[in-house]
Amino acid sequence: MSTPPDIVKRVQKLRREIEHHNYLYYVLDQPEISDAGFDALFRELESLESGHPELLTPDSPTQRVGAEPLAAFQQVRHPQPMFSLANARNEEELADWHRRAARLLADRRVDPAAAAFVTEPKIDGLAISLVYENGRLARGATRGNGEVGEDVTMNLRTIHAIPLALRLKDGEQPPPVIEVRGEVYLPLAAFEELNQERAAAGKPTFANPRNAAAGSVRQLDPKVAARRPLNIWCYQIGYAEDFSLDSHWEALMWLKEHGFRVNPHVKRHRDFQGVVEECRAWEERRPQLDYDIDGAVVKIDSLEMQELLGYVGRDPRWAIAYKFAPSTAVTRLLKIGINVGRTGALNPYAIMEPVEAGGVTISQATLHNEDDIHRKDIREGDWVVIQRAGDVIPQVVGPVIQKRTGVEEVFHMPETCPSCGSHTVRPEGEVVVRCPNKSCPSQIVESIKHFVSKGAMDIDGVGEKLVERLFRLGLIKNMGDLYYLKREDLIGLETSRSVNKKGTEVIHRLQETSVANMLKALDDSRRRPFHRVLFALGIRHVGSINAQLLAAHFHDIDSLMAAGEEDIARVEGIGPVIAEAVREYFGEPHNLETIKRLRKAGIRFAQEAEEDRERPLSGRSFVLTGTLAAIGRAEAKEKIEALGGKVSGSVGKGTDYVVVGENPGSKLRKAQELKKAVLTEEEFLKLIGSAG
Ligand code: IVH
């Protein structure tokens with residue numbers, strides 16, 4: 001029986017729409033529909049495909065979730081070898097490269113002054129090749145030895161930013177074959193989260209984001225790869241049939257137009273001086289990125305010149321990698337210290353002789369847990385290799401065994417809590433050692449720090465150091481006490497000490513203005529919605545998502561407190577482990593005491609009516625800049641707020657959209673720097689039109 005034509009049409013339309021929204025979300029970072037709207041399209045396609053399996057194709061967006069596991073990868077020969085890059089370790093070597101290339105061009109009767117350059121970040125990930133046949137992704141492979149790689153198509157399909165088909169204009173014909181190359185990477189935050197998760201599950205951690213990305217792409221089970229939020233920057237067109245361009249820059253623009261993610265910081269330079277300045281700028285830009293780079297790549301723009309220059313061995317003469325100071329170093333591990341976290345977990349960390357890596361001095365690094373320390377055979381007194389990747393907390397990679405003298409000591413977790421002296425426990429099957437004492441001072445201080453932190457109550461002006469001081473002075477004993485602090489308690493309070501230029505010690509004390517700001521911030525935090533409060537309480541396993549699920553289901557704290565473990569476990573997305581932790585939390589009299597105190601202070605323990613229904617722009621933060629001709633700033637602000645969004649005065653990490661009118665100011669530059677979605681007034685009106 002053949003499939004009804006209207007079903008075929010609907011399936012095709014859904015696929016196009018879903019891929020388009022995928023593109024807006026993952027490539028442009030500029031979604032147009034809500035998650036719920038996207039899910040609805042996706043579920044409709046899934047149900048049509050399951051009713052009509054004959055329609056299922058490997059390039060359907062539903063197949064991005066990961067196919068069946070493989071026994072081994074097939075080897076594939078690249079249509080054109082994948083080359084590597086020679087390194088320049090400083091500006092002198094960079095200038096040497098340029099001189100050599102210029103001389104060669106002159107020898108071949110080409111004016112070297114006519115050479116333009118392109119600079120790009122050198123992404124520290126895994127090089128891959130994507131072959132599109134007649135516009136569809138036919139195969140994806142790792143670089144391997146440059147000639148032959150592994151066929152990892154199944155895993156690459158799970159990366160949402162990789163187009164399953166080229167984005168073509170109406171009537172545009174794709175080249176019969178085109179190969180796109182790029183670097184797959186794991187964002188830094190995802191890397192840290194993955195390692196924490198692995199450490200908690202007793203699995204070996206990854207030493208750096210590159211290994212984590214490579215491990216994920218080379219997974220035989222595509223479902224595992226699908227769960228890792230891998231991403232890609234595309235930087236080259238390799239082999240192509242019936243297709244030609246004049247410059248690398250044109251290639252990058254072609255890639256962007258056809259649906260590929262091209263790094264927003266790529267730049268073209270008319271002369272070499274611009275290249276040098278940009279390489280300097282890259283070193284500074286590095287810490288602001290949410291992915292790891294190990295240098296900048298400089299390429300001669302003209303493809304004709306590239307061809308004239310050719311290769312030496314594996315390295316092109318037309319490109320060079322300007323590398324940053326290495327981010328690994330070797331130093332002495334003096335001691336393994338212990339932090340007690342807010343849930344009582346004893347977290348070991350390395351205290352080291354200070355050493356420079358990746359441009360900063362490092363003296364501490366995380367060690368995850370006891371099993372990890374033993375697996376890596378790290379001992380106190382060892383010389384160790386440490387690695388710092390971008391902004392990630394430094395890691396101890398492993399010991400330098402050859403440097404052992406025999407005095408190094410095998411580490412054991414303490415049997416008593418370093419903060420309160422209680423006997424520690426390590427529950428069966430868990431890798432984490434815990435302090436069971438609910439009134440352990442470290443646990444309390446850490447839980448107050450969590451309470452005031454950004455994603456929780458977001459109390460500006462009450463930082464970690466201040467929390468520690470207030471606690472030590474006995475001014476706060478739990479998070480509830482924060483709201484009973486008085487101006488008199490705070491004025492003149494010592495916050496830190498430093499040494500001035502003359503060498504005398506200066507004591508910093510809280511002044512009138514910062515106290516006023518603090519009290520205002522505390523007051524403002526009374527308006528945080530119930531789910532944020534629930535998250536801020538720091539119940540084990542209740543992260544911000546789970547807090548939202550619980551708040552949406554129970555509406556207020558009394559219903560949640562009255563609910564049995566099974567009722568809680570039955571909430572969609574919650575489950576028995578979280579339910580048990582919630583019950584346990586409310587079973588502790590001192591937690592009930594804290595809640596009582598917070599309640600008396602006016603903290604919200606129930607959902608407001610309007611929070612119940614998620615509004616179209618809920619959680620979205622806008623910044624307006626320039627003159628908005630059609631609607632004016634005040635009205636724009638009103639509209640955004642009416643739809644549940646927020647308007648803020650400056651562009652920052654939390655900004656989602658920057659709306660740009662005529663004569664925009666520095667906010668536009670900042671938005672571009674931070675890679676924020678920029679909307680013209682027209683686009684903005686469309687967005688609120690569709691949201692409303
Ligand atoms: S161009 C012949 N551009 O660096 C040109 N490579 O050391 C070679 N890489 O295998 C590729 N970012 O994995 C190029 N913007 C970029 C890159 C980049 C990272 C990697 C790539 C390559 C390695 C060479």
Side-chain angles (χ1 to χ4, degrees), residues 78-89 93-94 97 101 117-130 140-150 152 156 159 161 179-187 208-214 216-218 230-240 247-256 260-269 275 278-279 281-282 285-286 289 291-303 305-324 326-327 389-390:
H78 299 302
Q80 222 172 59
M82 292 178 79
F83 291 98
S84 52
L85 289 168
N87 292 332
R89 278 162 304 172
E93 293 186 359
L94 183 63
W97 165 78
F117 305 86
V118 175
T119 51
E120 303 167 8
K122 187 168 190 303
I123 315 297
D124 199 9
L126 179 75
I128 56 127
S129 141
L130 301 165
T142 60
R143 175 175 183 275
N145 64 8
E147 308 276 343
V148 175
E150 284 175 323
V152 287
L156 295 178
I159 301 177
E179 185 201 10
V180 175
R181 291 173 179 178
E183 197 88 349
V184 168
Y185 68 93
L186 195 65
N208 53 47
R210 174 171 23 92
N211 291 3
S216 309
V217 170
R218 299 191 62 259
L230 293 164
N231 211 334
I232 188 170
W233 292 119
C234 294
Y235 52 65
Q236 206 182 18
I237 294 178
Y239 176 81
S247 71
H248 176 61
W249 186 255
E250 280 173 25
L252 293 177
M253 296 307 116
W254 189 94
L255 289 172
K256 212 155 119 178
F260 294 90
R261 207 157 167 258
V262 174
N263 193 280
H265 299 293
V266 297
K267 219 179 249 173
R268 183 154 58 160
H269 310 265
V275 170
E278 182 69 1
C279 284
W282 267 114
R285 201 176 284 149
R286 184 185 195 186
L289 304 172
Y291 47 90
D292 198 21
I293 64 174
D294 57 347
V297 184
V298 183
K299 298 173 182 171
I300 289 186
D301 190 29
S302 150
L303 297 184
M305 288 188 196
Q306 288 191 4
E307 202 159 321
L308 282 174
L309 287 167
Y311 297 81
V312 237
R314 306 246 104 226
D315 303 334
R317 286 197 191 87
W318 47 264
I320 187 111
Y322 174 81
K323 297 277 275 227
F324 300 149
S327 57

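Each ligand, and each atom within it, is numbered from 1 in the order the structure gives.
- Nearest protein heavy-atom contact of atom 9 (N) of ligand 1 is Glu183 OE1, 3.6 Å.
- Heavy-atom separations between Pro316 and ligand 1 include at least one value shorter than 4.0 Å.
- Shortest contact from atom 12 (N) of ligand 1 to any protein heavy atom: Ile123 N, 3.1 Å.
- Residue contact annotation: Arg181 has no non-hydrogen atom under 4.0 Å from ligand 1.
- When each of Glu147, Arg143, Arg314 is tested with Met82 by the rule side chain to side chain contact (heavy atoms under 4.5 Å, CB included), just one qualifies, namely Arg143.
- Residue Val297 touches ligand 1 through its side chain alone, judged by heavy-atom distances below 4.0 Å.
- A donor-acceptor pair under 3.5 Å links the side-chain atoms of Asn263 to the main chain of His265, judged by distance alone.
- For atom 4 (O) of ligand 1, the nearest non-hydrogen atom of the protein is Lys122 NZ, 3.1 Å.
- Side chain of Gln306 to main chain of Ile300: a donor-acceptor pair is present (N/O by atom type, distance under 3.5 Å, no hydrogens or angles).
- Of all atoms in ligand 1, listed by their number and element, those nearer than 4.0 Å to a heavy atom of Arg143 are 10 (O).
- Not a single heavy atom of Gly125 lies less than 4.0 angstrom from ligand 1.
- Between Tyr185 and Trp233, the ring-plane angle classifies as parallel under the 30° and 60° cut-offs.
- Side-chain contact between Leu303 and Trp318 is absent, with no heavy atoms from C-beta onward closer than 4.5 Å.
- Looking from atom 11 (C) of ligand 1 to the surrounding protein, the closest heavy atom is Tyr235 CE1, 3.8 Å.
- Contact atoms of ligand 1 toward Glu120: 3 (N), 15 (N), 16 (C) (distance under 4.0 Å to a heavy atom of the residue).
- If you check which protein heavy atom lies closest to atom 1 (S) of ligand 1, you get Lys299 NZ, 3.4 Å.
- Residue Ala321 does not touch ligand 1, judged by heavy-atom distances below 4.0 Å.
- Between Glu278 and Arg285, at least one side-chain N (NZ, or NE/NH1/NH2) sits under 4.0 Å from a carboxylate O, which counts as a salt bridge.
- Side chain of Trp97 to backbone of Arg317: a donor-acceptor contact under 3.5 angstrom is found.
- Residues Asp301 and Phe117 fail the side-chain proximity criterion, which asks for heavy atoms closer than 4.5 Å.
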